[in-house]
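Okay, structure first, notes after.
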Amino acid sequence: MAAQLALNQGSNVSVRIGISDSSPRVSGFQRKNLWFQEKPCLPHLSLNLKSNSLKSKNSFRVCMSVQQANVPKVAVSPLELEDPQDPPLNLHKPKEPYTATIVSVERIVGPKAPGETCHIVIDHGGNVPYWEGQSYGVIPPGENPKKPGSPHNVRLYSIASTRYGDSFDGKTASLCVRRAVYYDPETGKEDPSKNGVCSNFLCNSKPGDKVQVTGPSGKIMLLPETDPNATHIMIATGTGVAPYRGYLRRMFMESVPTYKFGGLAWLFLGVANSDSLLYDEEFSKYQRDYPENFRFDRALSREQKNKTGGKMYVQDKIEEYSDEVFKLLDGGAHIYFCGLKGMMPGIQDTLKRVAEQRGESWEAKLSQLKKNKQWHVEVY
């Protein structure tokens, strides 16, 4: 497995690893009193699928993504995953989900992060193939309280790995999940009955646990590969970084004979503070190794100030580089947005203001970007 690969390389680096929680795309995430609670981090356990045994890595925590990122290019298989001309879609539907197995669950954020985010590796045995930018559906165990006798509704999670998975064998998928916890506004106490059902199920899972998955689904966030020298501007808040991790691993980590990336990938990531950064070591490695092909800008709302002295949000960071961003868009760059839907109004307002300062109509520009299929949005 991937974690074992890192250990076999003899590294003694102790770093954060994690699982990032793609918030379930349900209305509960929009409720006023839904918060995210930090829980004590459990020792990392991984499942050896061949021996069906658990191994504890209590001695130190190994970040699979960071260890793997130390290898410039990694061989992947089976290369037949490159053959299909069209992406796999809805191979497993809600009435007939696939029973997959949890490989590992690890925390990815530091102690000062406002909440817990986990990186969850799921073994699908090659039976639920997907492409970068797609999503899995997860059906948590138990019955739907609104429909007694029926299973829970499907929650969608953006996949945070390439089609080859973190173990590079095409048999796993990774999710980035943030634990959703509800606090009563009057008492200030946690109300477990209103916690996010699926995110807590996933974050509490143990290696070997079974999970019902559906999909894959989604086409809007697929990585266009017809031009390997294209520019991709990726904007995320929190766990919305999940699909970009897949893109970047495909671009900079994996040795894929049919895809040799030579363009520019530019990631803007907005989180609360340094401890909330997701996959930061991995992305920083790409930045060092491929300075001409990868740019990475962080917006830390609780640690940085924007030009007016307010909190630094991702739209403020975009505005700092607005001239470059607009020139790249004019040159055909793709731009992607992923995260909670609350991110979009601020970003749209910023882009509109910048366009007007440039003497352009944002409405006309946006219409043209959509027409050219340069505009990709997945918010929840």
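Residue indices begin at 1 and follow the sequence shown.
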From [X] atom [atom1] to [Y] atom [atom2], the distance as rounded to the nearest 0.5 Å:
X      : Y      : atom1 : atom2 : result
His124 : His92  : NE2   : NE2   : 9.5 Å
Leu79  : Ser255 : CG    : OG    : 8.5 Å
Tyr136 : Ser158 : OH    : OG    : 13.0 Å

Legend entry - Listed once per pair and sorted, the side-chain hydrogen bond (donor to acceptor under 3.5 Å, both in side chains) pairs that draw on residues 328-339, sequence neighbours left out: His232-Tyr336, Asp330-Lys365, His334-His376
Legend entry - Centroid-centroid distance, Trp266 to Phe296, less than 6.0 Å: no
Return a table of donor-acceptor pairs under 3.5 angstrom between the side chains of residues 306-314 and protein atoms on other chains or two or more places apart.
from: Asn306; atom 1: OD1; to: Thr308; atom 2: N; distance (Å): 3.0
from: Asn306; atom 1: OD1; to: Thr308; atom 2: OG1; distance (Å): 2.9
from: Asn306; atom 1: OD1; to: Gly309; atom 2: N; distance (Å): 3.1
from: Asn306; atom 1: OD1; to: Gly310; atom 2: N; distance (Å): 2.8
from: Asn306; atom 1: ND2; to: Lys311; atom 2: O; distance (Å): 3.1
from: Asn306; atom 1: ND2; to: Asp316; atom 2: OD2; distance (Å): 3.4
from: Lys307; atom 1: NZ; to: Glu319; atom 2: OE2; distance (Å): 3.4

Legend entry - Polar side-chain atom of Asn273 near backbone of Lys112 as donor-acceptor pair, under 3.5 Å: yes
Legend entry - Over 12 non-hydrogen atoms of neighbours within 6.0 angstrom of CD in Glu363: yes
Inset, instruction - Can you establish whether the number of heavy atoms outside Lys373 located under 6.0 Å from its atom NZ is more than 12? - result: no
Inset, instruction - Please list all pairs passing the salt bridge (Lys or Arg N to Asp or Glu O under 4.0 Å) test where one or both residues lie in residues 222-238, with sequence neighbours left out. - result: Glu225-Arg250
Legend entry - Derivation and outcome, salt bridge (Lys or Arg N to Asp or Glu O under 4.0 Å), residues Arg245 and Glu132: CA-CA 9 Å; Arg245 180 180 184 257; Glu132 299 75 22; over 6 Å; no
Inset, instruction - Identify whether Trp131 and Tyr259 are in the same connected component of the hydrophobic contact network (ILVMFWY, side-chain heavy atoms under 4.5 Å). - result: no
